[in-house]
Amino acid sequence: AVGTDERPILQVHGGPPLKRQDEWVARVCTATSGANCSHSSVWEAREVVLCLDGEFFGTASMHTRGHTSSMLPKLQFGLKLVDDVAWVSKQGRMHVDQKAAPQEFLGMPREAKWVLGVPFVDTSFVRNALSFKIYELLGAPWAPRTVAVNLVLQGEPWGLYAVTERIEPSPNRVVFDDERVREAPAVAVDAARRKRADDYLVVVDWQKEGEFGVMLPSSNTTVSVLYPSSPDESERRYVAAFLAAVDRRVARHDDDVSDIVDLESFARYFVLQEVAKDADGYGLSDYLAISAGRLQHASPWDFDLAYNFDCYKGYYQDAVTGEERKYSRGGNVRNGRTFAEWIDDDGTPGRRVIQFDRNLRAFFLHLFEHAEFQAAFRAAYRSAREEGGALSDVRALVASLTEPIAASAARDVEIWSDARRFGVPGPWPACAFWECCHPADGQNATSAQAHLVEYLEDRIAWMDEAIERPL
């Protein structure tokens, strides 16, 4: 039975038919894959009705999100709460006119856009929520809030999901260092921002179609502008020049960059990333803000491969020495990220490596080499380890997230029991497309959560010693 525990039931009614891939296999359908494969899913609903615990909540548009996530059976979604959905004529063609309708959602502040998802391979079900909570406890002005729900889509149970705040400028979310933006209603944020010449939300990641992006000259880091969504030519020139100047100064390890880099915000992020040892960290999904003439860290995101989930040794090798530092040992920022495992031509995972010809982490590694930044990092970590600090009792912190979802987590594992979450045939023990550290966790949430705590305690013990040595 769905919804027999304490988690809210989020029911989604309407939209084009979308069926679960219950017998999903970890092989992407290609021209040479044959019949034993799984198709990517791209789905969009212009209008769905949302109900919470059987009561009408609102109307929304809804779509699948994420490139790799679309290849997995437990899909991730974007939601936009809307008022009326109507067809209107624009230049002789019919378009859907949807007016955003911000609302409080499960106790979270009033907004229109939300993310709905828990990564298919994370059977602890809390890697992202844990990361956001640690970041918040480290003193960040904002971290994405999440609320766990049982999703029922078109009458079919889809398991345990999290309704999560989207990373976007808003008085309730990412707030720039500008009182005019801080005090403005959500609909006025863009107008308020344009009173300044230097408020931007950017991300270190692959540049997506339609985004304006720049390649930084010293670190070869790709940065894309997310806000404003359509920067004009003068804004593009400003962003490119500002980021290039920051990159050149950060690459000079003898230059104090505290006048153009918010060291405290980056120190918080480094503490989180070093504890998590995220395989994608420092190279992908790194959200930054440009505000009041300084670069600052804005928000964490996407920790599904962190906390000793991905065990592929290539992701844990020192960028200079090549020394392997798996499990709880070694600094994550010093590990190179110059390639990625990917699918073969026949769709089989783990048989192909994509070379980047650059280290995706170079900018963050350059920053870490600065003495003034290492001082900020040490101070942030030591504060987190004090009594009552963010990392003072990670066992209790994880329990605060896992205990309320225990029944829903067990049900999710059962719902997806025929999908190949673990034990995929291949060159190594795999969880879906990844070489995971504990394959059997794919069928046991309690075991996955226990391994998460075990890793955290071992990792922090190592960091407690390492923080006193030269970094």
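No experiment lies behind these values; they were computed from the predicted model shown. When a residue number appears, it is its place in the shown sequence, counting from 1.
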Tell me whether the rings of His67 and Trp342 are parallel (<30°), tilted (30 to 60°) or perpendicular (>60°).
parallel
According to the interplanar angle, ranging from 0 to 90°, do the rings of Trp434 and Phe309 count as parallel (below 30°), tilted (30 to 60°) or perpendicular (above 60°)?
perpendicular
Apply the test ring pair (Phe, Tyr, Trp, His ring centres under 6.0 Å) to residues Phe132 and Trp301: give CA-CA distance (whole Å), side-chain angles for both, the deciding distance (0.1 Å), then the verdict.
CA-CA 8 Å; Phe132 304 156; Trp301 195 255; 5.7 Å; yes
Quick one: do Arg334 and Glu369 make a salt bridge, cutoff under 4.0 Å?
yes
Derivation and outcome, side chain to side chain donor-acceptor pair (under 3.5 Å), residues Ser291 and Asp199:
CA-CA 5 Å; Ser291 187; Asp199 286 341; 3.1 Å; yes
Reported CD-to-OG distance for the pair Glu136 and Ser299, which is rounded to 0.5 angstrom
11.5 Å
Give the C-alpha distance, both sets of side-chain angles, the deciding distance and a yes or no for side chain to side chain contact (heavy atoms under 4.5 Å, CB included) between Arg395 and Glu457.
CA-CA 8 Å; Arg395 181 174 292 269; Glu457 292 182 335; 3.0 Å; yes
Indicate yes or no: at least one non-hydrogen side-chain atom of [X] is less than 4.5 angstrom from one of [Y].
{"X": "Phe303", "Y": "Leu272", "value": "yes"}
{"X": "Trp206", "Y": "Thr222", "value": "no"}
{"X": "Asp83", "Y": "Thr59", "value": "no"}
{"X": "Leu130", "Y": "Leu397", "value": "yes"}
{"X": "Phe105", "Y": "Glu111", "value": "no"}

Does Tyr381 form a side chain to side chain donor-acceptor pair (under 3.5 Å) with Asp464? I'd like the steps, not just the answer.
CA-CA 9 Å; Tyr381 181 78; Asp464 284 347; 2.7 Å; yes
Counting distance only, does the side-chain N/O of [X] pair as donor-acceptor with the main-chain N or O of [Y] below 3.5 Å?
{"X": "Arg27", "Y": "Asp346", "result": "yes"}
{"X": "Asp122", "Y": "Pro119", "result": "no"}
{"X": "Arg378", "Y": "Phe373", "result": "no"}
{"X": "Thr348", "Y": "Asp344", "result": "no"}
{"X": "Thr30", "Y": "Asp345", "result": "yes"}
{"X": "Arg361", "Y": "Asn332", "result": "yes"}
{"X": "Glu235", "Y": "Asp232", "result": "yes"}
{"X": "Arg248", "Y": "Val250", "result": "no"}
{"X": "Ser392", "Y": "Gly389", "result": "yes"}

Ring centers of Phe377, Phe266 separated by less than 6.0 Å
no
[X] NZ/CZ over [Y] ring centroid, <6.0 Å and within 45° of normal:
{"X": "Arg337", "Y": "Phe356", "result": "no"}
{"X": "Lys326", "Y": "Tyr312", "result": "no"}
{"X": "Arg65", "Y": "Trp43", "result": "no"}

Side chains of Tyr135 and His297 only: does a donor on one sit below 3.5 Å from an acceptor on the other?
yes
Is a donor from one side chain sitting under 3.5 angstrom from an acceptor on the other, for Asp286 and Tyr269?
yes
Please step through side chain to side chain contact (heavy atoms under 4.5 Å, CB included) for the pair Asn308 and Lys277, ending with a clear verdict.
CA-CA 7 Å; Asn308 203 44; Lys277 285 194 79 171; over 6 Å; no
Asn220, Val223, Asp247 screened by side chain to side chain contact (heavy atoms under 4.5 Å, CB included) with Phe363, the one that passes
Asp247
Set out, in order, the CA-CA distance, both residues' side-chain angles and the distance that settles side chain to side chain contact (heavy atoms under 4.5 Å, CB included) for Glu274 and Arg459, then state yes or no.
CA-CA 9 Å; Glu274 289 305 310; Arg459 177 62 175 166; 3.4 Å; yes
Show your working on side chain to side chain donor-acceptor pair (under 3.5 Å) between His451 and Asp441 and close with a plain yes or no.
CA-CA 9 Å; His451 282 134; Asp441 286 355; 2.9 Å; yes
Evaluate side chain to side chain contact (heavy atoms under 4.5 Å, CB included) for Phe368 paired with Leu471, printing each intermediate quantity in order.
CA-CA 9 Å; Phe368 192 71; Leu471 297 174; 4.0 Å; yes
Is the distance between the SG atoms of Cys311 and Cys437 less than 2.5 Å?
yes
